[in-house]
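Numbering of ligands and ligand atoms starts at 1, following listing order. Every heavy atom of this structure was used, including side-chain atoms; hydrogens, water molecules and symmetry mates were not.
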Amino acid sequence: MDICVFGAGSLGSLVGGLLADTHDVTLVGRAPHVEAVDAEGLRLSGAVDRHVQPAGRTTVPESADLVVVTVKSFDTTTAAQEFDTMDLDAVLSLQNGMGNEATLAARLSPPVFAGTCTYGARLHEPAHVECTGVGEVVLGPRRGGESPLADRIGTAFERGGVTTTVSDAMPRRLWEKPVNAGINAATALARVPNGTVATEPGSSVTRRAAREAAQVARAHEVPVDGDEAARQAVDVAESTARNRSSMLQDIEAGRQTEIAAINGYVVEQASQPVPANETLTALVRMWETEHVSEL
Ligand SMILES: NC(=O)C1=CN([C@@H]2O[C@H](COP(=O)(O)OP(=O)(O)OC[C@H]3O[C@@H](n4cnc5c(N)ncnc54)[C@H](O)[C@@H]3O)[C@@H](O)[C@H]2O)C=CC1
Ligand SMILES: CC(C)(CO)C(=O)C(=O)O
């Protein structure tokens, strides 16, 4: 398959790098990283140890079978504008947060598939990405159901060595992130590892945010049980106890967060009060207003 990864930072470089031995992969991103990849290849370290040679570019190629989108959620609209001239069969978002697929589908004509990814990635330096955890990609039609094209992408990912499940229930899968949303925002605001929100007083914030997200999911006809969501959020906090959440890492690095696509999405989509998500969103936005210059 001819695969273009758009937004080759940490995750895009890892996924593109894993696929590059089996498929024709082009990483589109920023200099100096993609230029170094094009010149000297890409080193994968950590849980995988490999040197691969995808193409690296700062602009999109004319065509591809598939574009895999791995920009942060707040860059999705700009990204779509940059590849809407490409000749494409399909687009797959592997981003976290809600609303990315709808943003892409509103601007592009090829089918847009939804994906979630539990691989961990960190770009150390140009042309060197570390796999910080082997996980799984789950992908499928963004509104649920089956699709031969989704099956083809799943098979191509599996053949490329990326553990992949094709799902007919992507709407429910996508809501798992907002269900875990209390972990990201609470740990980022309190500057604590995930394990701290598995016990009181943090766990009541995490549980409340998860219950609210489940309530909004149900209002959108996505069946997510509130008690189960609360339990799941605390279980994830426990099982990732030593992790510093991605939002905490963003705040520590002084970067914009994905709050708008996670807790902010719950607030936006709610027709009833969601006070825990409203408060977490407002507090993270206050931090961003004060600390992120490019907002
Ligand atoms: N890093 C990880 O372990 C995981 C990340 N994710 C999700 O994947 C998405 C990406 O995360 P990361 O890779 O960590 O972020 P990142 O910031 O390392 O990578 C995004 C890259 O996109 C590039 N980019 C943005 N707009 C662009 C444009 N118009 N043209 C060219 N390049 C552009 C940025 O320069 C950056 O290098 C997020 O939604 C994140 O939540 C999901 C699972 C794991
Ligand atoms: C589940 C959790 C909170 C693990 O750290 C995560 O997905 C993140 O950090 O974005």
Could you tell me the residue and atom name of the protein heavy atom closest to [atom], and the distance to it rounded to 0.1 Å?
{"atom": "atom 3 (C) of ligand 2", "value": "Asn184 OD1, 3.4 Å"}
{"atom": "atom 6 (N) of ligand 1", "value": "Asn96 ND2, 3.6 Å"}
{"atom": "atom 20 (C) of ligand 1", "value": "Thr70 O, 3.5 Å"}
{"atom": "atom 19 (O) of ligand 1", "value": "Gly9 CA, 3.3 Å"}
{"atom": "atom 3 (O) of ligand 1", "value": "Ala121 N, 2.8 Å"}
{"atom": "atom 16 (P) of ligand 1", "value": "Ser10 N, 4.0 Å"}
{"atom": "atom 44 (C) of ligand 1", "value": "Tyr119 O, 3.2 Å"}
{"atom": "atom 7 (O) of ligand 2", "value": "Lys177 NZ, 2.6 Å"}
{"atom": "atom 5 (O) of ligand 2", "value": "Asn194 ND2, 2.9 Å"}
{"atom": "atom 27 (C) of ligand 1", "value": "Arg30 NH2, 3.4 Å"}
{"atom": "atom 29 (N) of ligand 1", "value": "Glu82 OE2, 3.0 Å"}

### Phe6, portion touching ligand 1 at heavy-atom distance under 4.0 Å
side chain
Where ligand 1 meets [X] - atom numbers and elements under 4.0 angstrom, heavy-atom basis:
{"X": "Cys117", "value": "43 (C)"}
{"X": "Gly120", "value": "3 (O)"}
{"X": "Gly29", "value": "31 (C), 32 (N)"}
{"X": "Gly7", "value": "20 (C), 21 (C), 22 (O), 23 (C)"}
{"X": "Glu258", "value": "38 (C), 39 (O), 40 (C), 41 (O)"}

### Gap separating the CG atom of Asp65 from the CG atom of Asp24, nearest 0.5 angstrom
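The CG atom of Asp65 sits 9.0 Å away from the CG atom of Asp24.
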### Query
Which atoms form the tightest heavy-atom contact between Val224 and Ala214, and what is the distance?
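Scanning both residues, the minimum pair turns out to be O-CB, 3.6 Å.
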### Query
Do any nitrogen or oxygen atoms of Ser246 come within less than 3.5 Å of a nitrogen or oxygen of ligand 2?
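Between Ser246 and ligand 2 (N or O atoms, distance only) the closest approach is under 3.5 Å.
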### Task
Looking only at distances, please establish whether an N/O atom of ligand 2 is found under 3.5 Å from an N/O atom of Asn243.
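Yes: some nitrogen or oxygen of Asn243 is under 3.5 Å from one in ligand 2.
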[X] heavy atoms, cut-off 4.0 Å: which ligand 2 atoms fall inside?
{"X": "Val236", "value": "1 (C)"}
{"X": "Ser245", "value": "5 (O), 9 (O)"}
{"X": "Ile183", "value": "3 (C)"}

### Message
Pair Glu130, Thr132 - check side-chain hydrogen bond (donor to acceptor under 3.5 Å, both in side chains), show working.
### Response
CA-CA 6 Å; Glu130 180 189 352; Thr132 55; 6.0 Å; no
Does the residue [X] have a heavy-atom contact with ligand 1, meaning some pair of atoms that are separated by less than 4.0 Å?
{"X": "Ala79", "answer": "no"}
{"X": "Gly97", "answer": "no"}
{"X": "Asp75", "answer": "yes"}

Using a distance-only test with no angle check, is there a side-chain donor-acceptor pair under 3.5 angstrom linking [X] and [Y]?
{"X": "Ser93", "Y": "Asn100", "value": "no"}
{"X": "Glu176", "Y": "Thr116", "value": "no"}
{"X": "Asn184", "Y": "Ser246", "value": "yes"}
{"X": "Gln256", "Y": "Glu288", "value": "no"}
{"X": "Thr77", "Y": "Gln81", "value": "no"}

Would [X] and [Y] pass as an ion pair if we require N to O under 4.0 Å?
{"X": "Glu258", "Y": "Lys72", "value": "no"}
{"X": "Asp49", "Y": "Arg43", "value": "no"}
{"X": "Asp227", "Y": "Arg211", "value": "yes"}

### Task
Look only at interatomic distance and state if Gln95 has a nitrogen or oxygen under 3.5 Å from any nitrogen or oxygen of ligand 1.
no
### Query
Do Ile259 and Met247 come within less than 4.5 Å of each other through their side chains, counting heavy atoms only?
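The answer is yes; the side chains approach within 4.5 Å.
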#### Entry: Sole candidate of Glu158, Arg173, Glu136 that passes side-chain hydrogen bond (donor to acceptor under 3.5 Å, both in side chains) when paired with Thr165
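Answer after filtering Glu158, Arg173, Glu136: Glu136.
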### Task
Take atom CD of Glu200 as the centre, draw a 6.0 Å sphere, and report whether it contains more than 12 heavy atoms from other residues, nucleotides or ligands.
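Yes - once you tally the heavy atoms of other residues, nucleotides and ligands closer than 6.0 Å, there are more than 12.
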### Task
Begin from the C-alpha positions of Thr281 and Asn263 and carry the test side-chain hydrogen bond (donor to acceptor under 3.5 Å, both in side chains) through to its verdict.
CA-CA 6 Å; Thr281 303; Asn263 305 80; 5.2 Å; no
